[in-house]
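Working notes, beginning with the structure itself.
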Amino acid sequence: MKKLFLICCLFVGLTTAGFSQPKSGPPSDPVQKAKGLQKELKLSDDQTSKIAAIYKESAEKFDKIKTADNGNTNKMLVDVGPLRKATIKKIKSILTAGQVAKYDALLKENKNASLNGGWSDGWG
């Protein structure tokens, strides 16, 4: 009886530990995000490196906003809006007309995926 109880406890513990692992979301590394966008939009290597730099700059600015707002989500949402728009504008300036159309579709598709979700953000 003790062995059965021990096995059940072990099973419950392992199951709980398995579900507690973080889910993998969009990549947070600027280079990986740019490479993901490269696959989606068929970007050149030059475009990809420029977009990676934009993502890196945006992520740094986001971290400053997060620190300044002390993690206050409501304030961050307001303060991040202009950064998000600027990031999208910079990315679009690098893309061709056809790529902009596909990028707009990605933005629309991922608009409600998460708080800062998808290809539109410059942070992870």
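- A 4.5 Å side-chain heavy-atom check between L106 and L41 finds at least one atom pair inside the cut-off.
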Q) Going through the checks in order, is the salt bridge (Lys or Arg N to Asp or Glu O under 4.0 Å) test met by E57 and K61? A) CA-CA 6 Å; E57 175 189 3; K61 289 180 181 179; 3.1 Å; yes

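- Summarising the geometry of A52 relative to P30, their closest heavy-atom pair is O-CB, 3.5 Å, with the distance given to 0.1 Å.
- Between atom CD of residue Q38 and atom CD of residue Q99 there is a gap of 10.0 Å, rounded to the nearest 0.5 Å.
- Atom OG1 of T87 sits about 4.5 Å away from atom CG of L83, to the nearest 0.5 Å.
- Look at K50 and D46 and you find a salt bridge, because one of the NZ, NE, NH1 or NH2 atoms lies within 4.0 Å of a carboxylate O, short of that distance.
- Distance NZ/K64 to CG/D69: 14.0 Å, rounded to 0.5 Å.
- Proximity of K33 to I51: side-chain heavy atoms (C-beta onward) are nowhere separated by under 4.5 Å.
- Under the rule for a side chain to side chain donor-acceptor pair (under 3.5 Å), K85 has no partner lying at least two apart in sequence or in another chain.
- Looking at K75 and D79, a side-chain N of the basic residue comes within less than 4.0 Å of a carboxylate O on the acidic one, giving a salt bridge.
- Residues passing the side chain to side chain contact (heavy atoms under 4.5 Å, CB included) test with V78, sequence neighbours excluded: none.
- The main-chain N or O of I54 is never found under 3.5 Å from a side-chain atom of S58 such that the two would form a donor-acceptor pair.
- The backbone N or O of N74 sits less than 3.5 Å from a side-chain atom of N72, completing a donor-acceptor pair.
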Q) For I91 and Y55, what are the C-alpha separation, side-chain angles and deciding distance, and is it a side chain to side chain contact (heavy atoms under 4.5 Å, CB included)? A) CA-CA 9 Å; I91 290 172; Y55 277 146; 3.7 Å; yes

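- Under the 3.5 Å distance criterion, the side-chain polar atoms of Q32 are left unmatched by any main-chain donor or acceptor of D29.
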Q: Using the side chain to side chain contact (heavy atoms under 4.5 Å, CB included) rule, take K66 and V80 through it: C-alpha gap first, then chi angles, then the decisive distance, then the call.
A: CA-CA 9 Å; K66 187 176 176 182; V80 166; over 6 Å; no

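- If you take CG on L37 and OH on Y103, they are separated by 6.5 Å, rounding to the nearest 0.5 Å.
- Rounding to the nearest 0.5 Å gives a distance of 8.5 Å between OG1 of T48 and NZ of K35.
- Taking CG from L43 and NZ from K102, the interatomic distance works out to 9.5 Å, rounded to the nearest 0.5 Å.
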